*Asks:* 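My questions all concern the structure below.
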Amino acid sequence: MTTPAGSGTGFGSVSWWGLSPAVDLQAEERSETFLEVWGNALLRPPVAAFVRAQAGRLAHLVPEPDRLAEQLPWLSLGALKFRERDALEAVFRFWAGGEKGPEAFPMSRLWDSRLRQYLGSRYDARHGVSDWDLHMKLHDRGARVIHTREFRRWRDTGVAFELRDSSAYHVPNRTLASGRLLSHRGERVAARGYWGDIATGPFVAFGIEADDETLLRTSNGQPVKTAGEITEHNVAELFREMAAWGHPRAAEGDPEQVQGGAEGSPEPAPVLEPFTVHFLPLDSAHTLHHKSCYKGQFQLLYVACGMVHLLSPELGACVAPRGRLIVELAQFLVDLRQEQLHAFSRRVGELAQAAGFAPQLGGKPSDTFARFYKAGDSAPGHEDQAVESGTPPPEVLAPPLEATDWPSEDRTQPLEPGTPPSEPLKLTSESQASLLEASVPPTGSQAPKSENQNVPPETKSPIPDL
């Protein structure tokens, strides 16, 4: 198979990112591979081997700009500092298996450790807690298609999408690892662990809505399809759309089939618009507006609920007049009460207004997203293109590493030397209240955390000079 551009080496080389279907994987296998890497703490051996191969290739491309530009011309790392490139290369090398053996990242043990700290004295009743969070919170907030069995399995093991026999999932998913600097006996030590979501699950991203209404049918008041099945359908549709990118859509069936014109001749394929994905430094949100190439240039700004504290007038200055802002709300954070959700929504409105945005009127009200537009008159001739068409700009911002730091746990693993982890973000049980100050804790991280976090002796390692 070749890429949409026809070269076989460019756009489709990193399909595990979900950016292209242009590797020798069938459509179903592509979507299953994506779902496992994205949503499962444990992988099947073939998927783990695929991740290692792709990560190893990226690890060799990152330090060689010429080869990177030749093989991945749509990816730009030019804005990163050398130190950040080194950190990115170290991450890819870890994914590629630079540290052999399961003990390099014992995911099952790390998951259970997080779950024990999150639940505390409720750990022995974790199935009851799981059912309560699902039925009394997620279901009441619009995620009724999530089935008890799949949610409980994810809470127990971290495996959300069990597409094969359950015994096939046993290889740790290293792409979920993250690093932190921790304080241990007065010294700063580097540690690796899992500080991701253990409360909500990945089902709400692709699995609770569908264009095909038959997937949302109910029988005797119960959904016919599970969130996992809906997720598989939606992700497969996304990959089919990417496969058809640059090709005319057929009326029925295979998206790669070319539809004939009025006289039976094939319709010409639309011209592909070039684009570039720019990776930016982690601390660039408040400095981008100082550069003319960014100031007032973006037509769409998306802010996740965990990044709302970055929404500022400086970041708003990068959005073009009449450009759009979409903010994810905290609707599916199960540890927040209704009054906290409402207060957070109000705080998002205040931050957006301070950043120069106004609420977008009309459309269906949503408890999941808040939509705004950049206040002020738009430039002549640009309003229809930027707002009416609904097409995002070709220049896409993508942070290279984790922009948030997760609360640390007792069980972590040391980083290899030369990998600079992020500064820790200390969250306590009172961090739920701090949502009203525009900082959202990551899902599942609202459990009490101590101010000084301890690292077991086996994780101690000296911090390299950075």
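Since the model is a prediction, treat every value here as computed from it, not as a measurement.
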*Asks:* Residues in side chain to side chain donor-acceptor pair (under 3.5 Å) with Thr214, at least two apart?
*Replies:* Asp212
*Asks:* Residues in salt bridge (Lys or Arg N to Asp or Glu O under 4.0 Å) with Glu89, at least two apart?
*Replies:* Arg93
*Asks:* Going by the rule side chain to side chain contact (heavy atoms under 4.5 Å, CB included), which residues pair with Gln338 if we only count those two or more places apart in sequence or in a different chain?
*Replies:* Arg141, Leu341, His342
*Asks:* Mind checking what makes ring pair (Phe, Tyr, Trp, His ring centres under 6.0 Å) contact with His139, not counting sequence neighbours?
*Replies:* His135
*Asks:* Less than 4.0 angstrom from a charged side-chain N to a carboxylate O is my criterion; do Glu237 and Arg240 meet it?
*Replies:* yes
*Asks:* Using a strict 4.0 Å threshold on nitrogen-to-oxygen distance, state whether Lys81 and Glu84 make a salt bridge.
*Replies:* no
*Asks:* Just jot down the salt bridge (Lys or Arg N to Asp or Glu O under 4.0 Å) partners of Glu150, sequence neighbours excluded, or say none.
*Replies:* none
*Asks:* Residues in ring pair (Phe, Tyr, Trp, His ring centres under 6.0 Å) with Phe206, at least two apart?
*Replies:* Trp38
*Asks:* Counting the benzene-type ring for Trp, do Phe34 and Phe161 have ring centres under 6.0 Å apart?
*Replies:* no
*Asks:* Looking at residues at least two apart in the chain, or sitting in another chain, which of them share a side chain to side chain contact (heavy atoms under 4.5 Å, CB included) with Lys291?
*Replies:* Cys293, Tyr294
*Asks:* Listed by chain and number, what are the side chain to side chain donor-acceptor pair (under 3.5 Å) partners of Glu28, not counting sequence neighbours?
*Replies:* none
*Asks:* What's the spacing between Phe372 CZ and Leu325 CG if we round to 0.5 Å?
*Replies:* 6.0 Å
*Asks:* Between Ile326 and Leu300, does a side chain to side chain contact (heavy atoms under 4.5 Å, CB included) hold up when you go through it step by step?
*Replies:* CA-CA 8 Å; Ile326 300 177; Leu300 175 63; 3.9 Å; yes
*Asks:* Going by side chain to side chain donor-acceptor pair (under 3.5 Å), name the residues that satisfy it together with Asn173, two or more places apart in sequence or in a different chain.
*Replies:* Thr175
*Asks:* More than 12 heavy atoms of other residues, nucleotides or ligands under 6.0 Å from CD of Glu209: is that the case?
*Replies:* no
*Asks:* Taking only residues two or more places apart in sequence or in another chain, which ones pass salt bridge (Lys or Arg N to Asp or Glu O under 4.0 Å) with Glu32?
*Replies:* Arg164
*Asks:* Kindly write out the residues that satisfy salt bridge (Lys or Arg N to Asp or Glu O under 4.0 Å) with Lys137, not counting sequence neighbours, or none if the list is empty.
*Replies:* Asp133
*Asks:* Taking atom types as modelled and ignoring hydrogens, do the side chains of Arg322 and Gln299 form a donor-acceptor contact shorter than 3.5 angstrom?
*Replies:* no
*Asks:* I need the Leu329 CG to Cys305 SG distance, nearest 0.5 Å.
*Replies:* 8.5 Å
*Asks:* Run Arg347 and Leu351 through side chain to side chain contact (heavy atoms under 4.5 Å, CB included) and show every step you take.
*Replies:* CA-CA 6 Å; Arg347 183 58 176 155; Leu351 289 173; 3.9 Å; yes
*Asks:* Other residues, nucleotides and ligands only: do more than 12 of their heavy atoms fall within 6.0 Å of CD on Gln353?
*Replies:* no
*Asks:* Might you work through the side chain to side chain contact (heavy atoms under 4.5 Å, CB included) test for Phe332 and Ile208, ending with a clear yes or no?
*Replies:* CA-CA 12 Å; Phe332 296 110; Ile208 61 175; 3.6 Å; yes
*Asks:* List in chain and number order the residues that pass side chain to side chain donor-acceptor pair (under 3.5 Å) with His290, two or more places apart in sequence or in another chain; answer none if no residue qualifies.
*Replies:* none
*Asks:* Evaluate side chain to side chain contact (heavy atoms under 4.5 Å, CB included) for Thr226 paired with Ile146, printing each intermediate quantity in order.
*Replies:* CA-CA 6 Å; Thr226 66; Ile146 302 178; over 6 Å; no
*Asks:* Is Asp211 atom CG crowded by more than 12 heavy atoms from other residues, nucleotides or ligands, each under 6.0 Å away?
*Replies:* no
*Asks:* Check whether more than 12 heavy atoms from other residues, nucleotides or ligands sit under 6.0 Å from atom CZ of Arg85, and answer yes or no.
*Replies:* yes
